[in-house]
Amino acid sequence: MRAVVCGAGIAGLSVAWWLRGDGWDVTLVEQAPRPRGAGYMIDFFGPGFEVAERMGLLPELRRRAATITSVQYVDPAGRRRGRADYTAFRDAADGRLLSLPRGALAEVLHEAVVERIDLRRGLTVDSATEQADGVHVRLSDGTTTTADLLVGADGLHSRVRDLAVAPDREAVQSLGYQTAAYLLRDDALRRLVGRRLLLVAVPDRQVALYPMDDEHLAAWLVHRDHGPVPPDPRAAVLSRYAGLGPVVDRALTHLTPGTDLYYDDVAQTHLTRWTQGRAVLVGDAAYAPSLMAGQGASLAMTGAWALAGALARHPGDVPTALRRYTETMRPFVEDRQASGRRTARWLVPSTAWQIRLRQLVLAVTALPGTTPVIRRALGTQIDAALPG
């Protein structure tokens, strides 16, 4: 059996790993000429954590994880306004929660599968036509192939989705926020932040600084905005966040021309179907929960595992396998997307009193007896509900 997977991010690499392990011949195409940077920090837990364990990736992921001990809230003047104990969240997840750069997870997946597949960079899918002998795929370099399966794992702005599955202009739905992330090196700021996540918040805007490694800090910025992504993201960040105090202003001095800046709309993908014929969508292409849901990487890896499992249970019957994949994943997706919408409002409060309320609620996590409450909030109970 042969598969063409479009997108070498977390979803695509996970699909390639599972399919190759089941004996599939996998071609993985990626438009970016090189792996993307570290990106933003993610909290990796839930069903995706279990999938990573089954793949044997946890030792390397633990080695690359950041050790963040607490969340420290400060106002623009630098005055401390509250603190949350981050270790309480790890304890609530029974240690099955890692804070690590999204790029680090992708890199570990890449190392685990790259020698076993045909990875072609600088390419995407130009066309896909369903025929009796399979799906005929033309790549952007003019080469063609016939596959038993075409997987769109090419993210929020999926080309495979538009070409072969569900060309729906309304599929990507903005939540009304825009976000940015970049790395910086500043020894003084690094000492100030330590092992904390330092959070500066004002109504409708906030900036987080946290350690990525022993030398680098990451800046993650998010603000309320219903407009289109600006043509010059760097200028937009400098304009939007200037004046949030000396710590933020100093971090912004490192956002120089040429800085590897991630910038995008915070959005979800909503589709009535994730499959069409022998084409299927996985990860953000099908069901992005939004960056602020905290489960995008976990859902991507779980979706890859569910897809491969369905194909293994229905060998040679791709349409039936794709239906089973949808039935398995949709309840979890709907739950995580609903959580993402709630989380967005919680993470970026619109008023000063909402900011203060959030600080007070999270500070309670340091009190004895709160672990069961946090565990329910994390949603780790859904692990047991996934089919084995």
Side-chain angles (χ1 to χ4, degrees), residues 1 3-24 26 28 44-58 96 105-106 109 112-113 117 148-155 158 160-161 165-166 268-289 293-340 379-388:
M1 300 288 280
V4 173
V5 181
C6 184
I10 291 169
L13 290 165
S14 298
V15 169
W17 192 95
W18 284 102
L19 291 184
R20 189 67 190 92
D22 287 338
W24 285 65
V26 179
L28 178 60
F44 186 56
F45 64 97
F49 192 101
E50 180 179 335
V51 172
E53 185 173 42
R54 295 183 182 195
M55 297 169 74
L57 303 180
L58 283 189
R96 299 175 66 79
L105 176 55
L109 285 164
V113 75
I117 61 171
D148 300 285
L149 180 69
L150 172 63
V151 181
D154 46 346
S158 170
V160 172
R161 181 179 65 223
V165 180
Q268 294 185 334
T269 312
H270 292 273
L271 295 168
T272 57
R273 69 172 186 267
W274 303 336
T275 73
Q276 179 66 36
R278 292 175 176 268
V280 61
L281 303 175
V282 179
D284 285 355
Y287 37 77
Q295 285 284 279
S298 181
L299 274 180
M301 295 184 70
T302 305
W305 167 69
L307 173 62
L311 289 164
R313 288 190 293 273
H314 300 278
D317 188 355
V318 171
T320 296
L322 299 190
R323 287 196 300 272
R324 295 291 182 260
Y325 155 72
T326 298
E327 292 166 0
T328 298
M329 285 298 297
R330 193 169 285 279
F332 296 109
V333 166
E334 291 175 353
D335 177 76
R336 291 300 88 195
Q337 287 187 328
S339 174
T380 53
Q381 70 272 16
I382 68 175
D383 283 10
L386 284 173

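Just so it is clear, the structure is predicted and the values come from calculations on it, not from any experiment. Atom set for the values below is all heavy atoms of this structure, side chains included, hydrogens, waters and symmetry mates excluded.
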What are the two closest heavy atoms between Leu281 and Ala286, and how far apart are they? CB-CB, 3.5 Å
In chain order, what residues pass the side-chain contact (heavy atoms from CB on, under 4.5 Å) check against Arg273, with sequence neighbours excluded? Gln276
With rounding to the nearest 0.5 Å, note down the distance linking OH in Tyr287 to OG1 in Thr302. 8.0 Å
Given side-chain contact (heavy atoms from CB on, under 4.5 Å), test Val318 with Met1 step by step and report yes or no. CA-CA 10 Å; Val318 171; Met1 300 288 280; 4.1 Å; yes
Compare every heavy atom of Arg278 with every heavy atom of Asp148, then report the nearest pair and how far apart it is. O-NH1, 3.0 Å
Nearest non-hydrogen partners of Ser298 and Phe45, listed with the distance: OG-O, 3.1 Å
Is there a side-chain contact between Gln295 and Pro47 (heavy atoms, below 4.5 Å)? yes
For residues 7-23, which residue pairs pass the side chain to side chain donor-acceptor pair (under 3.5 Å) check, not counting sequence neighbours? none
With a 4.5 Å cut-off on side-chain heavy atoms, are Leu322 and Leu149 touching? yes
Could you tell me which residues satisfy side chain to side chain donor-acceptor pair (under 3.5 Å) with Thr269, sequence neighbours excluded, listed by chain and number? none
Given Phe44 and Leu105, is the side-chain contact (heavy atoms from CB on, under 4.5 Å) satisfied, shown in steps? CA-CA 9 Å; Phe44 186 56; Leu105 176 55; 4.2 Å; yes
What is the minimum heavy-atom distance between Gly283 and Ala11, and which atoms define it? CA-CB, 4.1 Å
Hey, mind stepping through Leu19 and Ile117 against side-chain contact (heavy atoms from CB on, under 4.5 Å) and telling me if it holds? CA-CA 10 Å; Leu19 291 184; Ile117 61 171; over 6 Å; no
Who are the side-chain contact (heavy atoms from CB on, under 4.5 Å) partners of Glu53, not counting sequence neighbours? Leu58, Arg96
Residue pairs passing the salt bridge (charged side-chain N to carboxylate O under 4.0 Å, His left out) test with at least one member in residues 317-326, sequence neighbours excluded, are Arg324-Glu327
To the nearest 0.5 Å, how far apart are OG1 in Thr326 and CG in Leu307? 9.0 Å
Is the backbone of Gly296 close enough, under 3.5 Å, to the side chain of Asp284 for a donor and an acceptor to pair up by distance? no
Taking only residues two or more places apart in sequence, or in another chain, which ones meet His270 in a side chain to side chain donor-acceptor pair (under 3.5 Å)? Gln268, Gln337
A side-chain contact here means heavy atoms from C-beta on lying under 4.5 Å apart; do Val160 and Val280 qualify? no
Heavy-atom pair with the smallest gap, counting every atom of Ala8 and Leu28: CB-CD2, 3.9 Å
Out of curiosity, Met55 CE to Leu13 CG, how far, rounded to the nearest 0.5 Å? 8.5 Å
With a 4.5 Å heavy-atom cut-off, do Trp274 and Arg330 have their side chains touching? yes
Shortest non-hydrogen contact from Pro289 to Leu299? CG-CD1, 4.0 Å
